[in-house]
Amino acid sequence: MSADAYLTTPEVAEAIGVSKATILRWAAQDVLPRPVIVHGGRRGRVARWPLHTPAQGRWVLTQLEAHLTWAEIRAALEAGRFDPSVSGEGNS
């Protein structure tokens, strides 16, 4: 993974319009990909998120707004209802 082929937690949160804590909670719920954690020197540990994470996060937000449960969202992800090769918009 090249140095610019990932996003940071603040970048993902801003792109989705939620807090950094929400991003971490969603990852813990297995509805976002797990970030790669690297040593960031003086900054400590740094999370590196795949580039499709904001699109997946917007998809998750749409599912939550439709009142789906975490289990239903995970099942939809496992069934391939979100395709990371697509922008994420319009996947229902």
**Request:** Could you walk me through whether Asp30 and Trp70 pass side chain to side chain contact (heavy atoms under 4.5 Å, CB included), step by step?
**Result:** CA-CA 9 Å; Asp30 292 325; Trp70 291 119; over 6 Å; no
**Prompt:** Are any of the side-chain heavy atoms of Pro54 and Leu7 separated by less than 4.5 Å?
**Reply:** yes
**Request:** To the nearest 0.5 angstrom, please state how far the CZ atom of Arg34 sits from the OG1 atom of Thr53.
**Result:** 12.5 Å
**Request:** For residues Ala15 and Arg58, report the shortest heavy-atom separation together with the two atoms involved.
**Result:** O-NH1, 3.3 Å
**Prompt:** Is there a side-chain contact between Lys20 and Leu24, using heavy atoms and a 4.5 Å cut-off?
**Reply:** no
**Request:** Check the pair Ile16, Trp26 against side chain to side chain contact (heavy atoms under 4.5 Å, CB included), reporting the backbone distance first and the verdict last.
**Result:** CA-CA 12 Å; Ile16 299 170; Trp26 289 3; 4.3 Å; yes
**Asked** Atom CZ in Arg48, atom CD1 in Ile37: separation rounded to 0.5 Å?
**Response** 10.5 Å
**Item:** Step-by-step side chain to side chain contact (heavy atoms under 4.5 Å, CB included) determination, Phe82 to Gln63
**Value:** CA-CA 11 Å; Phe82 171 77; Gln63 305 314 300; over 6 Å; no
**Message:** Looking only at the side chains, is there a donor atom on one of Trp49 and Thr8 sitting less than 3.5 Å from an acceptor on the other?
**Reply:** no
**Item:** Heavy-atom check, side chain of Trp59 versus side chain of Ile73, under 4.5 Å
**Value:** yes
**Asked** Between the main-chain N or O of Val31 and the side-chain N or O of Gln56, is there a donor-acceptor pair closer than 3.5 Å?
**Response** yes
**Request:** Measure the CG-CG distance between Asp83 and Leu77 for me, rounded to the nearest 0.5 Å.
**Result:** 11.5 Å
**Request:** With rounding to the nearest 0.5 Å, note down the distance linking CZ in Arg25 to CG in Leu32.
**Result:** 11.5 Å
**Request:** Take Thr62 and Val60 through the test side chain to side chain contact (heavy atoms under 4.5 Å, CB included) and record every step on the way to the result.
**Result:** CA-CA 5 Å; Thr62 301; Val60 168; over 6 Å; no
**Asked** Considering residues, nucleotides and ligands other than Glu11, do more than 12 of their heavy atoms fall under 6.0 Å from its CD?
**Response** yes
**Message:** Under a 3.5 Å distance rule, please check whether Arg74 uses its side chain to pair with a backbone N or O of Gln29 as donor and acceptor.
**Reply:** yes
**Message:** For a quick test of reading the model, state the closest non-hydrogen atom pair linking Ala47 to Pro35 and the distance between them.
**Reply:** CB-CB, 3.8 Å
